[in-house]
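Data block below; observations after.
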Amino acid sequence: MIDGTAGVSGRRDADEALLDNPEALAEHDPGGMLRHTASAGAQVRESAALAAEANLAVLADDGRPRAVVIAGIGTAGRTGDVLATVAGPRCPVPVIAHRSAGVPGWVGAADVVIAVSASGRSPEALGAAEAAHRRGARLVAVGAPDSQLQSIAEQARAPFIPVPRRAPARASLWALTVPVLLAARSLGLVKVNEADLAETAARLDADADRCRSAAESFVNPAKSLALALAGSIPIVWGSSPLATVAARRFGDTLSANARYPVVTGALGEAGRGRVGLLDGVFGGLAEGERDIFADPAEDDGEGTRLRLVLLRDGGLNAEDDTDEPFAVEERRADAVQTLAERRGVRCDVVTAEGGSALERLASLIAVPDFASVYLALAHGLDPMAVPAITEMKELSNQ
């Protein structure tokens, strides 16, 4: 173990053996991030039940809105991206994820604002809720019970869905997302039924079982992915809009949990420029100079390489009016895998499974979520405690 600045401790090199030692994993995960990550299926069920108790039906009283703004930061903001991709290109109104304080200047009585905050006190969500109330927009609030956000919702006589704070925000994606989806369903903007929710929860449960700490690396897809990424610069690209949301989510968790720098985005956009990374000093150039007989233990970080993670959509909604035909997405994904292979850049592929957009999204998020935690633990990092995040909040709030 080594100590860095600001009391940060851990290992520069990943300890592969630790991942196959459940007792050691538990010791290095005192905050229970693995347990929180495994609760994703339970989060879907609990949030669906809590949303059913809220009076979301009143949202439809004034008809279809002009636009829906989902206001929040971090994981809360990511719920807006999930809603937009699950609603798809046929959604009759714009769905906008807003990550700044307040709301866009055009928001008014014709619009709906969904303010989301796991803690119920983030400035972005509070500012958006207050602005929505002031401008006469319909408001929905999602967050911790007995919080400032709930108080604002009550003052505005707006629906509030309480999400108990059982885990850090970044491990509460599904607890925050389901109420947002069900609010949008009440507005007639998204087709998510009880069967979709049940199947998504079951999918998350099954992936949690596959990725459990007692499962050894050679049969645990999350541990295998974590070890593949160890010591690399990850590039995570999604083949479709849905897969791109999952790619950006993986970037969130790799950065926060494992403290890895990561490039994420849409494969279509990458093909217009960022695919050139495969030719660069961490890609093809580095791979061309690799000594296959060199001892990796003596590398000391000088040989850092790219590692490509490609999230591929299952294409089950190929009949929808998507931005691009499914065949185009598939050809592009095949092409980037070929490019990586030609340059010696290693590539891992996660393919979506499931019968609905929500379940397919869950299948692309679950294993990478666990992988980010295992990668942190392999480096001796506590995935729950991120000193830089705490210090950033303290310095920003002075």
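On a predicted model such as this, the values are computed, not experimentally measured, just so you know.
At least one side-chain heavy atom of Val263 sits less than 4.5 Å from a side-chain heavy atom of Arg274. Using a 4.5 Å heavy-atom threshold, the side chains of Arg307 and Asp348 count as touching. Phe370 has its side chain out of reach of Thr253: every pair of non-hydrogen atoms, C-beta onward, lies at least 4.5 Å apart. With contacts defined as side-chain heavy-atom distances shorter than 4.5 Å, the pair Thr177/Arg78 does not qualify. At least one side-chain heavy atom of Val58 sits less than 4.5 Å from a side-chain heavy atom of Pro159. In this structure the side chain of Met33 reaches within 4.5 angstrom of the side chain of Arg170, judged on heavy atoms. Proximity of Lys223 to Asp20: side-chain heavy atoms (C-beta onward) are separated by under 4.5 Å at one or more points. Side-chain contact between His36 and Met384 is present, with heavy atoms from C-beta onward closer than 4.5 Å.
The CG atom of Asp207 lies 10.0 Å from the CG atom of Leu364; values are rounded to the nearest 0.5 Å. Residue Leu278 holds its CG atom at 9.0 Å from SG of Cys347, rounded to the nearest 0.5 Å. In this structure, CZ in Arg305 is found 10.5 Å from CD1 in Ile233, a value given to the nearest 0.5 Å. Taking CZ of Phe218 as the start and CG of Leu227 as the end, the distance is 13.0 Å to the nearest 0.5 Å. The line from OG1 of Thr264 to CG of Leu254 is 9.5 Å long, rounded to the nearest 0.5 Å. The structure places CD1 of Ile235 at 11.5 Å from CG of Leu310, a figure rounded to the nearest 0.5 Å.
Of the listed residues (Leu34, Thr37, Leu225, Leu229), just one forms a side-chain contact (heavy atoms from CB on, under 4.5 Å) with Tyr374, and that residue is Leu34. For the side-chain contact (heavy atoms from CB on, under 4.5 Å) with Val113, the qualifying choice from Val68, Val103, Val140 is Val103, the only one to do so.
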Problem - Verdict with reasoning, Arg138 to Leu187, per side-chain contact (heavy atoms from CB on, under 4.5 Å) - result: CA-CA 11 Å; Arg138 280 176 278 177; Leu187 292 165; 3.8 Å; yes
Practice task
Go through the steps to decide whether His28 and Asp15 satisfy the test side-chain contact (heavy atoms from CB on, under 4.5 Å), and finish with yes or no.
Solution key: CA-CA 12 Å; His28 286 75; Asp15 182 355; over 6 Å; no
Exercise for the section: Assess whether side-chain contact (heavy atoms from CB on, under 4.5 Å) is satisfied between Arg332 and Trp237, documenting all intermediate values. Expected result: CA-CA 11 Å; Arg332 186 181 290 132; Trp237 286 329; over 6 Å; no
Exercise for the section: Report the C-alpha separation of Leu277 and Phe282 in whole Å, then their side-chain angles, then the decisive distance to 0.1 Å, and conclude whether the side-chain contact (heavy atoms from CB on, under 4.5 Å) test is met. Expected result: CA-CA 8 Å; Leu277 290 168; Phe282 298 104; over 6 Å; no
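Atom CD of Glu269 has 12 or fewer neighbouring heavy atoms from other residues, nucleotides or ligands inside a 6.0 Å radius. Within a 6.0 Å radius of CZ in Arg99, other residues, nucleotides and ligands contribute more than 12 heavy atoms.
The shortest heavy-atom contact between Ser363 and Val350 is O-CG1, 4.2 Å. Closest approach of Pro179 to Ser47, counting heavy atoms only: CD-CB, 3.8 Å. What you find for Ser119 and Ala144 is that their closest heavy atoms are O-CB, 3.4 Å. Here the closest non-hydrogen pair linking Ala76 and Val116 is CB-O, 3.3 Å. The two atoms that bring Pro234 and Pro261 nearest to each other are CD-O, 3.1 Å, heavy atoms only. When every heavy atom of Val93 is checked against every heavy atom of Arg66, the shortest pair comes out as CB-O, 3.6 Å.
Neither side chain, Gln337 nor Glu341, offers a donor N or O lying under 3.5 Å from an acceptor on the other. Between the side chains of Ser239 and Asp313, not a single donor N or O lies within less than 3.5 Å of an accepting N or O.
Hydrophobic clustering, with ILVMFWY side chains joined whenever heavy atoms are under 4.5 angstrom apart, keeps Ile152 apart from Ile114. Transitive grouping of hydrophobic side chains (ILVMFWY, heavy atoms separated by less than 4.5 Å) keeps Val386 and Leu381 in distinct clusters.
The backbone N or O of Cys211 lies less than 3.5 Å from a partner atom in the side chain of Asn220, making a donor-acceptor pair. In this structure, Arg210 contributes its side chain and Arg212 its backbone to no donor-acceptor pair below 3.5 Å.
One finds no salt bridge joining Arg249 and Asp252 here, because no Lys/Arg side-chain nitrogen approaches an Asp/Glu carboxylate oxygen to under 4.0 Å. Here Arg312 pairs with Asp334 in a salt bridge; the nearest charged N to carboxylate O distance falls below 4.0 Å. Ionic pairing of Asp205 and Arg45 is present here: one or more N-O contacts between side-chain nitrogen and carboxylate oxygen are shorter than 4.0 angstrom.
Asp279 is linked by a side chain to side chain donor-acceptor pair (under 3.5 Å) to Arg343, counting only residues two or more places apart in sequence or in another chain. With sequence neighbours excluded, no residue forms a salt bridge (Lys or Arg N to Asp or Glu O under 4.0 Å) with Asp29.
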